[in-house]
Every structure is written in C-alpha cells, then in structure tokens.
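Have a look at the structure below before the remarks.
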Amino acid sequence: MQSRFGQGLMQRIRHGHSQSAEVAAQTMAPKCRPSGQGGMHHGTFKATARRKGEWKEDWNEMLADPLNRAIVVEWDATLNHRLPDHVDEMLGQIRSDMWRLQRDLSLPSQPFKDAVEVLDSGGTAVKSSLRRRQMELSRQIKENIQDLMSESYARAEGERGPGMDVRQKQVIHDQVSHNGPDMFRKASDFLTGELDGLLEHLREQLAALEHDVLVALERAMVLTCAHADEMKALQRLRDACASSVAGALSDISAIAAQCQELSELASAKEAAVRVDNATDDGATDESAEIPHECFCPITQSIMSDPVSTADGHTYERASIEKWLEENTTSPVTGLHLTNRTLIPNHSLRKIIGDLGLS
C-alpha cells in the first residue's frame with residue numbers, strides 16, 4: 001500500500017528538491033534589482049505589490065508553481081485514479097457481499113436491487129467529489145502562497161521617499177530568499193492538512209452511504225416481507241452488511257496513514273521548494289468554474305489536445321508546434337528547451353473532458 005500510494009509522490013518531491021536552489025536564484029532576483037541595473041521598474045513593482053502580487057505578471061503563481069509541479073501532479077493521480085479505483089473496489093465488494101447474503105438467506109431480490117441502486121448512485125457522488133477537490137487544489141496552493149506573502153507585499157507597497165526602489169525590492173527579496181524555507185514549509189503543511197481533511201470527508205461520505213444503503217434495504221424489505229421469520233433474517237442481514245462496510249472503511253484509514261508520508265517528506269523539503277522560473281505574462285484565469293490549467297498559455301483558449309514540453313509546461317499541441325518551428329525557448333519562461341519532444345498530458349485531457357470542455 002505504501003509503495004502504491006507514496007512512490008510517485010516521493011519522486012515528485014525529489015524533483016522539486018533537485019531544482020529548487022537554481023530556480024530560487026533565477027526567478028525573483030532579476031525583478032528585485034534596482035531599476036537602473038535592469039530590474040523591474042519601481043512603479044510596476046509597487047503596483048504589483050499593491051495588488052498582492054497580481055498585475056502584469058502573477059508572482060504568486062510563479063512562487064506556487066514548484067509545489068504544483070512537484071506535488072499536485074501526483075495528487076491528480078491519487079485523487080483521479082487511485083482513490084476512485086479503491087472506492088470502486090470497496091463498493092464492488094459490498095455489492096457482492098449483499099447479493100451473497102441475499103442468496104444465503106433466501107430473501108426477495110427486489111429490495112437488494114433497490115439498495116444496489118442507492119449504493120451505485122452514492123458511489124458516483126463520492127468520486128465526483130474527489131474530482132472536484134483535485135481541480136480546486138492548484139488554485140488553493142496559489143491562494144495560500146499569496147496569503148503567506150501578504151505581509152511582505154504590504155511592507156513593500158508602503159515604502160516611500162528616496163531609496164524607495166531599493167527598499168521595496170529588498171523586502172520581497174528577503175521574504176523569498178531568507179524566509180522562503182519557512183514559507184514553503186507552511187505551504188506544504190497546508191497541502192498535508194488538505195489531504196487529511198479530504199480523507200476524513202471521504203470516510204464520512206462512505207459511512208453516510210452505508211447508512212443510506214441499509215435504510216433503503218430495510219424499507220424495501222418491510223414493503224415486500226411481512227413474515228416474522230423474514231424480519232428476523234433482515235436484522236441478521238443488517239448486522240452482516242454493517243460489519244462488511246465497516247471493514248471496507250478501515251481501508252480508508254490505512255490510506256490516511258500512508259499519506260502521512262507527505263507530511264514527513266514536506267518537512268524534509270523545508271529549505272528546498274521556493275520559486276520557479278515559469279511566469280505567465282497573460283495573467284491567470286479569473287473563472288471560478290474553469291481551472292486555469294485548462295487554458296493554453298499561448299492562445300489563452302481551452303485546450304483540446306494538451307501536450308507538455310521538456311520543462312513541464314502544457315500547451316495546445318497545434319500552438320506549441322507552431323511556436324517550436326521558429327523558437328527553441330519556452331513560451332512561458334523564455335529559457336532554452338533541452339529538446340522539442342512533446343508528451344501528451346493525458347491527466348489534463350481527462351479533466352477537460354470530464355468538465356465537458358473538449
């Protein structure tokens with residue numbers, strides 16, 4: 001179980017760790033240079049700080065990107081594949097146990113059909129909830145970073161008078177360079193808390209589903225069975241179903257224990273993940289309905305055939321192919337790409353399809 005749920009996550013965190021020192025030096029440092037030394041214009045810098053890091057470019061997204069690429073991709077696999085598959089296995093086992101009990105106790109089949117419908121409908125709702133949570137996660141990481149940076153934004157925006165350009169930029173530089181480890185430790189703790197909360201909610205949903213299935217089964221049995229011996233059999237069935245579902249729910253507790261690995265790995269990553277070179281000059285998606293990951297950074301349109309380049313950013317295939325015909329750099333970061341290989345992003349394509357956007 002630990003290898004099944006933890007291996008990919010560990011690889012992602014190691015990836016973020018290996019590149020963190022380089023991206024920290026390369027991302028914010030140029031922006032924080034004095035205006036006369038090639039740094040960002042002091043007015044633009046102050047305007048961005050006044051808007052809490054969001055104006056012509058989004059500093060919060062830049063800061064959150066290493067965490068997104070190191071952790072959230074694995075969360076996508078966990079929330080969109082592993083956990084839903086595990087829920088399907090649990091529901092399948094419960095369904096099988098119910099039909100076995102129906103046969104063993106020679107009870108009418110219609111009440112069991114009604115209960116299975118409740119089980120299947122509830123299972124679909126549980127998996128839909130997991131998908132929605134995965135889509136919200138990336139935006140919440142950015143919002144968490146913005147909250148952690150808010151005090152520094154306010155201090156930078158408040159600088160006035162001679163030397164203001166140097167002082168306001170020093171505030172942001174110190175926050176990212178010196179306080180970055182603590183800031184990203186808090187962001188990692190936030191991720192851990194979100195995962196713990198999600199698993200607890202999943203347990204509550206499955207417990208509620210157990211109750212709904214048993215109520216539906218009992219109601220149907222009362223309507224179809226009037227004999228005392230059958231009602232006694234119903235009580236035995238209720239006890240057996242409750243025991244079966246309780247055993248299945250214990251598996252979710254095991255998953256929660258394995259996901260504690262995230263907390264331990266996040267602590268080890270305390271001084272590692274800071275900022276990334278990836279900037280999006282086209283501003284972020286303001287829609288509360290469509291996640292910004294669904295939009296191509298080049299066309300700002302929803303992607304139908306998303307592919308990833310060597311640096312991990314995703315684009316619409318036709319747009320990035322046209323770009324690469326004349327360029328060897330990333331459209332997002334401006335850095336040289338080590339190769340022009342395009343890899344289909346199946347996870348994002350599935351998400352776009354599930355939202356009905358393709």
Side-chain angles (χ1 to χ4, degrees), residues 1-2 4-6 8-9 71-101 111-140 191-220 237-238 240-262 288-291 293 346-357:
M1 179 77 74
Q2 182 172 1
R4 177 183 175 189
F5 285 92
L9 180 59
I71 296 175
V72 175
V73 172
E74 182 60 24
W75 271 44
D76 171 34
T78 298
L79 300 184
N80 278 341
H81 300 285
R82 298 189 187 112
L83 278 177
D85 289 348
H86 189 68
V87 170
D88 281 337
E89 292 174 7
M90 290 173 55
L91 298 181
Q93 185 60 51
I94 294 170
R95 191 182 301 107
S96 176
D97 290 344
M98 289 176 62
W99 285 118
R100 178 178 54 78
L101 291 167
F112 287 84
K113 293 180 179 178
D114 295 342
V116 166
E117 288 183 3
V118 173
L119 181 69
D120 292 343
S121 175
T124 299
V126 168
K127 290 185 288 183
S128 295
S129 176
L130 287 175
R131 285 196 297 271
R132 288 194 300 271
R133 190 67 193 91
Q134 189 276 330
M135 295 297 295
E136 295 168 357
L137 181 60
S138 179
R139 183 167 57 251
Q140 288 186 330
L191 287 174
T192 304
E194 288 297 302
L195 182 57
D196 289 341
L198 183 145
L199 291 173
E200 178 59 32
H201 182 59
L202 179 59
R203 284 193 290 269
E204 293 173 356
Q205 285 183 303
L206 291 172
L209 180 57
E210 170 207 3
H211 175 267
D212 292 345
V213 170
L214 292 175
V215 168
L217 181 59
E218 183 172 354
R219 183 183 299 115
L237 175 62
R238 184 185 182 91
C241 284
S243 176
S244 175
V245 175
L249 290 177
S250 67
D251 287 344
I252 296 297
S253 297
I255 298 174
Q258 302 309 322
C259 287
Q260 181 61 28
E261 177 184 12
L262 174 59
E289 299 295 332
I290 304 175
E293 295 90 344
H346 297 297
S347 296
L348 182 55
R349 186 169 189 169
K350 181 179 184 300
I351 290 171
I352 294 172
D354 289 345
L355 290 173
L357 304 175

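Looking at L91 and L209, their side chains come closer than 4.5 Å, going by heavy atoms from C-beta outward. Two residues are said to be in side-chain contact when any heavy atoms from C-beta on lie closer than 4.5 Å; V213 and M98 meet this criterion.
Sorted by first and then second residue, the pairs that involve residues 113-126 and meet salt bridge (charged side-chain N to carboxylate O under 4.0 Å, His left out), not counting sequence neighbours, are R95-D120.
Among residues two or more places apart in sequence or in another chain, the side chain to side chain contact (heavy atoms under 4.5 Å, CB included) test is passed with S129 by R132, H201, Q205. Every salt bridge (charged side-chain N to carboxylate O under 4.0 Å, His left out) that D354 has, sequence neighbours left out, goes to K350. Residues passing the side-chain hydrogen bond (donor to acceptor under 3.5 Å, both in side chains) test with S128 are R131, sequence neighbours excluded.
Annotation for I94 and L119: closest pair CG2-CD2, 4.2 Å, computed over non-hydrogen atoms. The minimum heavy-atom distance between E293 and L348, with the atom names listed, is O-CD2, 3.3 Å.
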